[in-house]
**Q** 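Input: one structure, supplied below.
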Amino acid sequence: MKLHEYQSKQIFSKFGIPIPKGRVAATASEARQIAEELGGRVVIKSQVLVGGRGKAGGVKLAKDPQEAEQLATQILGMEIKGLPVRKVLVDEAAAIDQEIYFAITNDRAAKKPVIMASAAGGVDIEEVAATHPEKIIKVHIDPLLGLRDYQARDIAASMDLPREYWKDFGIIANGLWKAYSSTDATLAEINPLVITKDKRLVALDGKMMIDDNALFRHSDLSEMRDIDEEAPAETEARKYGLSFIKLDGNIGCMVNGAGLAMTSMDIVKLFGGEPANFLDIGGGAGAEKVAAAMRIILSDPAVKAVLFNIFGGITRCDEVAKGILAAMAEVKPKVPMVVRLVGTNAEEGRQLLADAKMITAETLADAAKKAVAAAKGA
Amino acid sequence: MSILVDKNTRLLVQGITGSEGLFHTTQMVNYGTNVVAGVTPGKGGEWVLDKVPVFDSVKLAVEATGANASIIFVPARFAPDAMFEAADAGIPLVICITEGVAVQDMMRVRNYLDQKNVRLIGPNCPGLLTPGEAKVGIIPGNIAIPGNVGVVSRSGTLTYEVLYALKQVGMGSSTCVGIGGDPVNGTNFIDVLDMFEHDPKTEKVVMIGEIGGTDEEKAAEFISSKMTKPVVSFIAGQTAPPGKRMGHAGAIIEGGAGTAADKVRALEAAGVRVAKHPEEIPSLLK
């Protein structure tokens with residue numbers, strides 16, 4: 001789960017990381033009011049869960065409350081990478097001397113959290129990583145011990161941060177480690193961490209991603225999820241414990257197991273079709289879950305055919321068949337459907353579907369070919 | 001011969017009285033796996049299937065039964081504790097089936113288990129199957145027959161497809177290892193490839209990978225430098241869009257890295273034959 005900049009910075013602040021004064025606004029008049037309270041120049045920053053907001057014109061500097069209102073009106077009417085801007089953050093503007101990149105993320109290969117820091121901050125860090133990898137300092141943290149103070153000092157020294165800032169940098173490093181570890185983040189990023197002209201370290205921008213698998217112990221963070229930023233079908237799918245991702249093709253796919261679901265999409269493509277979605281109903285799905293999955297697939301008007309590929313292990317094919325029948329009775333689909341059932345109770349499943357006028361297939365390749373042909377109206 | 005589990009495995013089931021644990025314990029016992037004990041805190045003294053004793057802790061179960069492997073079926077929020085408990089009780093092989101364990105928990109578990117020299121398989125995996133000897137996990141027993149093909153995979157049902165396709169043409173497997181789809185897990189491809197390379201029963205290997213991370217690329221290096229046995233592979237996720245988590249927590253293309261195309265290229269460069277779809281695998285093994 002991604003958090004907005006303003007949410008991430010609120011969390012940083014809770015752990016002792018200095019952030020600019022500011023608040024989030026949903027209307028231009030609110031933005032003006034915040035600018036009046038702050039006094040002086042302010043930055044109006046669109047709050048959408050995609051990168052490249054600045055380049056898209058979603059971050060602007062305003063010299064007074066009146067301009068703040070104008071710019072907020074403009075930004076609140078924008079779409080950035082297809083996402084409408086619904087909120088802006090109004091922050092006091094900072095006079096910047098230097099920009100630093102500073103983040104903690106999971107290093108899956110090392111099985112440890114890793115700090116990434118660079119004195120070349122403020123820009124796209126992936127670009128720095130590609131062109132000047134030597135400018136990025138990486139330090140692993142022992143997950144059983146946590147960040148040690150000397151590690152923060154080493155990083156400050158490696159970045160040639162002047163000594164007068166080491167103490168404050170240590171506080172920020174410690175704060176970021178606590179923010180990352182206590183929220184089960186997969187990323188806690190400050191970019192940029194700036195040195196201001198009046199010699200303070202401030203986290204000007206922030207980004208956090210939280211591990212969905214850990215949300216059970218963070219009800220406060222779960223409430224921060226911005227469902228406006230998701231495709232409605234993905235929100236609906238999550239409610240039923242389905243893993244769903246919308247794609248651009250016209251063949252709906254319903255599969256049990258993530259690897260097999262990806263494979264089914266790949267084979268559709270291999271035989272000349274385009275998958276409309278990734279959908280994993282998970283292990284041991286019952287009829288109700290299957291029916292929900294089918295409603296979600298068929299709610300996409302682009303879908304011209306549906307492929308069901310079920311390899312019964314824990315999942316019972318007869319349960320899946322019941323779900324398909326229940327959903328068909330409810331939504332009365334008009335598109336052709338190809339079904340392949342193998343494994344646990346496959347025979348019972350096939351019998352249940354015998355009268356349902358579905359196209360059946362024996363192998364995975366056969367099923368994909370038939371779905372592609374059906375979608376083309378052949 | 002086989003790897004990791006065989007008829008001498010003395011298996012303990014953590015979470016044996018839960019619905020998943022009980023269902024799969026029944027399947028494993030019916031297959032002939034030597035299930036010697038179960039653990040459910042608070043249910044010590046009970047029996048499962050009239051023959052498997054239940055204990056309150058892993059330590060007590062190990063003392064009473066000499067269990068030498070443990071399989072975990074407890075919910076995600078309790079699974080890290082179950083893995084620590086198994087390691088502290090001296091179990092050398094732990095298989096965690098549970099899906100959805102938090103990744104920071106897994107980093108702590110993995111670093112701790114490494115210090116104790118415990119071999120962890122999973123989490124979020126289908127477990128192990130040595131056909132004809134032991135089923136330690138949820139892979140349906142009837143889809144595989146004994147043979148000389150070692151199978152290692154990050155996925156569950158996709159592995160079943162491959163075992164089933166092999167069986168259709170009369171090919172069997174030595175051991176099938178599901179290493180799981182999480183970004184931080186216990187055992188990677190190289191660990192298992194190395195075991196297959198040294199297992200006299202295994203003559204060929206099938207490696208089933210997917211998008212995300214760089215384990216397949218590292219495996220390709222290992223295959224070209226260390227392996228003498230032929231390896232056939234399949235990589236899922238050719239059509240996966242970047243930045244989206246494809247069901248498995250570990251199946252995500254991040255910052256342009258971990259694509260299927262990269263992995264296929266690395267494997268082919270290492271002399272691995274990569275199937276276009278899983279049903280093509282048996283013909284590539286011939």
**Q** Please classify the contact of Ile310(A) with chain B as side chain, backbone, both or neither, using a heavy-atom distance under 4.5 Å.
**A** neither

**Q** Any side-chain heavy atom of Arg108(B) sitting closer than 4.5 Å to one from Lys112(A)?
**A** no

**Q** Most heavy-atom pairs under 4.5 angstrom with chain A, which of Pro183(B), Pro126(B), Pro140(B)?
**A** Pro183(B)

**Q** Under 4.5 Å from any heavy atom of chain B, what part of Ile267(A) do you find: side chain, backbone, both or neither?
**A** side chain

**Q** Who wins among Ser153(B), Pro241(B), Ala240(B), Gly212(B) for the most heavy-atom pairs under 4.5 Å with chain A?
**A** Gly212(B)

**Q** Would you indicate whether Glu347(A), at its atom CD, is surrounded by more than 12 heavy atoms from other residues, nucleotides or ligands within a distance under 6.0 Å?
**A** yes

**Q** Is it the backbone or the side chain of Arg110(B) that comes under 4.5 Å from a heavy atom of chain A, or both, or neither?
**A** side chain

**Q** With a 4.5 Å cut-off on heavy-atom pairs, point out which of Arg245(B), Met106(B), Glu99(B) contacts chain A the most.
**A** Arg245(B)

**Q** Between the side chains of Asp105(B) and Arg217(A), is the shortest nitrogen-to-carboxylate-oxygen separation below 4.0 Å, so that they form an ion pair?
**A** yes

**Q** Got a second to check how far Asp266(A)'s CG is from Phe234(B)'s CZ, nearest 0.5 Å?
**A** 5.5 Å

**Q** Nearest 0.5 Å please: distance from the CG atom of Asp248(A) over to the OG1 atom of Thr239(B).
**A** 11.5 Å

**Q** Taking the inter-plane angle between the rings of Phe271(A) and His277(B) on a 0 to 90° scale, is it parallel (under 30°), tilted (30 to 60°) or perpendicular (over 60°)?
**A** tilted

**Q** Mind listing the closest non-hydrogen atom pair of Val103(B) and Asp211(A) along with its distance?
**A** N-OD2, 2.7 Å

**Q** Determine the option with the most heavy-atom pairs under 4.5 angstrom with chain B, choosing from Thr186(A), Leu144(A), Asn106(A).
**A** Leu144(A)

**Q** Can you find a pair of side-chain heavy atoms, one from Met262(A) and one from Glu210(B), that are under 4.5 Å apart?
**A** yes

**Q** Select, from Ala102(B), Ser155(B), Ala76(B), the one with the greatest count of heavy-atom pairs under 4.5 Å involving chain A.
**A** Ala102(B)

**Q** Can you tell me which portion of Glu279(B) sits under 4.5 Å from chain A's heavy atoms? Options are side chain, backbone, both or neither.
**A** side chain

**Q** Of all the heavy-atom pairs spanning Lys218(B) and Ala109(A), show the shortest one and how long it is.
**A** NZ-CB, 3.4 Å

**Q** How many angstroms lie between NZ in Lys276(B) and CG in Leu270(A), if you round to the nearest 0.5 Å?
**A** 7.5 Å

**Q** Salt-bridge test for Arg340(A) and Glu161(B): reply yes if a basic N is under 4.0 Å from a carboxylate O, no otherwise.
**A** yes

**Q** Let me know if Ala261(A) has heavy atoms under 4.5 Å from chain B in its side chain, its backbone, both or neither.
**A** neither

**Q** With a 4.5 angstrom heavy-atom cut-off, could you sort out which part of Val342(A) is near chain B: side chain, backbone, both or neither?
**A** side chain

**Q** Top residue by heavy-atom pair count (under 4.5 Å) with chain B, among Ala110(A), Pro275(A), Ala258(A)?
**A** Ala258(A)

**Q** Please classify the contact of Ile235(B) with chain A as side chain, backbone, both or neither, using a heavy-atom distance under 4.5 Å.
**A** backbone

**Q** Nearest 0.5 Å, what's the OG1-CG distance between Thr157(B) and Leu260(A)?
**A** 4.0 Å

**Q** To the nearest 0.5 Å, how far apart are CG in Asn111(B) and NZ in Lys111(A)?
**A** 10.0 Å

**Q** For atom NZ of Lys370(A), is the number of surrounding heavy atoms from other residues, nucleotides or ligands below 6.0 Å larger than 12?
**A** yes

**Q** Starting at CG of Asp107(A), measure out to CE of Met107(B) and round the result to the nearest 0.5 Å.
**A** 9.0 Å

**Q** Which atoms of Thr315(A) are under 4.5 Å from chain B, going by heavy atoms: the side chain, the backbone, both sets, or neither?
**A** neither

**Q** Using a cut-off of 6.0 Å, state whether more than 12 heavy atoms not belonging to Lys244(B) lie near its atom NZ.
**A** no

**Q** Please classify the contact of Asp215(B) with chain A as side chain, backbone, both or neither, using a heavy-atom distance under 4.5 Å.
**A** neither

**Q** Report which part of Tyr180(A) has an atom under 4.5 Å of a heavy atom belonging to chain B: side chain, backbone, both, or neither.
**A** both

